[in-house]
Amino acid sequence: MTPNNNPNPNESKTELILEGTYANFDQIMTLFLSGELEKLLGVPVQDVYAVSKYQPTAPVSIGVQLRQWFQQNVLDKWEAEATLIGTFFAQEMNDTSSWRQELEGVRGGSRSGVIHRYMELLDNPDKQVSFQAALELGESGNPHPAIIQALVKGLQTCHHEETYWQIALSLGELEPSHPQAAFAQHKTIELAGQAVELLVGVKRNSEQQIDVVLQVYSTELEDTLPEGLELIVLDELGQIWRKTTAQSGDYYSQVGFTISLEKGFTVELKLGNVQLRENFVV
């Protein structure tokens, strides 16, 4: 943590080093992002970062702080997202599905009638229908108590994981303070000369755990993923925890898991001999 006691960049600055846990660092980072840290210290603070215990002057990357997302802090190089984009892309490209006919019939009615019908479709056994219904409710911008109640109920009755996540994301869009709301951010990653998007969604599971969903998809709607692209999750020991490989024609890859607070994991994207890693801390 670097209080900037003198605004002149050519003069010395004061560096304050504190020892603590990831949870302590997360609390300090929250104060820094909100501007409260400067008020508490009484001096301008230029930056806050983690340092290695064995190299106290060398900044190290301890990972993206996922709990910041519940406060809707959009991180550098990331963008907030309220849609499970990979699923949406795949659905948009599926012209043979009956889901379009189902929903087109809904859209012709009055606004209140349309929203009510979307609420009913949340537990539809057809994943594409229920997913789109959840998406439409989130995009309605209407945080009516009946809609919030339907979304919460949908989390208990939906039949598919991706619909579950879209319901939670739509809940986060309409009522961010709800304890079952989910939030997601995505960033563009260049891998072996090809650009893909990595989306990370988070949702509270309990006081000590959060649920995480990862998706990788192309930057363009009509493009599929490179065949053989591996989405790998490594635990804190560097061991493979989750892994999926894109097949020919796949529009996205997805993995999900539950992790305890203060734990970390690494997402590895691998294509041939090229790999890229991104560290995360809960």
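In what follows, every heavy atom counts, from backbone to side chain, and hydrogens, waters and symmetry copies are set aside.
At most 12 non-hydrogen atoms from other residues, nucleotides or ligands lie less than 6.0 angstrom from CD of Q149.
One distance of note links CZ of F131 with CD of E136; it measures 10.5 Å at 0.5 Å rounding.
Checking side-chain atoms of E81 against main-chain N and O of E79 turns up no donor-acceptor pair under 3.5 Å. Of the possible polar contacts, none joining the S170 side chain to the L137 backbone as a donor-acceptor pair under 3.5 Å is found.
The two atoms that bring S253 and T244 nearest to each other are CB-CG2, 3.8 Å, heavy atoms only. Nearest heavy-atom pair, N142 versus I147, reported as atom, atom and distance to 0.1 Å: O-CD1, 3.3 Å.
For residues 176-193, the set of pairs meeting the salt bridge (Lys or Arg N to Asp or Glu O under 4.0 Å) definition, not counting sequence neighbours, comprises K187-E278. Applying the ring-ring contact (aromatic ring centres under 6.0 Å, His included) test to every pair with at least one member in residues 142-163, sequence neighbours left out, gives no pairs at all. Residue pairs meeting the ring-ring contact (aromatic ring centres under 6.0 Å, His included) criterion with at least one partner in residues 191-215, sequence neighbours excluded, do not occur; the list is empty.
Under the side-chain hydrogen bond (donor to acceptor under 3.5 Å, both in side chains) criterion, D211 pairs with N205, T258, not counting sequence neighbours. Under the rule for a side-chain contact (heavy atoms from CB on, under 4.5 Å), the partners of Y252 that lie at least two apart in sequence or sit in another chain are T87, A90, K127, E162, Q215, Y217, Q254. Qualifying side-chain contact (heavy atoms from CB on, under 4.5 Å) partners for A80, counting only residues two or more places apart in sequence or in other chains: V74. With sequence neighbours left out, T266 forms a side-chain hydrogen bond (donor to acceptor under 3.5 Å, both in side chains) with N279. Considering only residues two or more places apart in sequence or on other chains, R277 meets the salt bridge (Lys or Arg N to Asp or Glu O under 4.0 Å) condition with E268. Shown here are the ring-ring contact (aromatic ring centres under 6.0 Å, His included) partners of W165, two or more places apart in sequence or in another chain: there are none. Judged as a side-chain hydrogen bond (donor to acceptor under 3.5 Å, both in side chains), and not counting sequence neighbours, Q194 has no contacts. In terms of the side-chain contact (heavy atoms from CB on, under 4.5 Å) criterion, residue partners of K39 (sequence neighbours excluded) are, by chain and number, E36.
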Take V212 and F280 through the test side chain to side chain contact (heavy atoms under 4.5 Å, CB included) and record every step on the way to the result. CA-CA 11 Å; V212 178; F280 297 87; over 6 Å; no

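Ring centers of F265 and W241: at least 6.0 Å apart, outside the cut-off.
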Under 3.5 Å, which donor-acceptor pairs link side chains of residues 177-186 to any protein atom two or more places apart or in another chain?
residue, atom, partner, partner atom, Å
H178, ND1, Q180, N, 3.1
Q185, OE1, L75, N, 3.2
Q185, NE2, N73, O, 2.9
H186, ND1, E197, OE1, 2.8

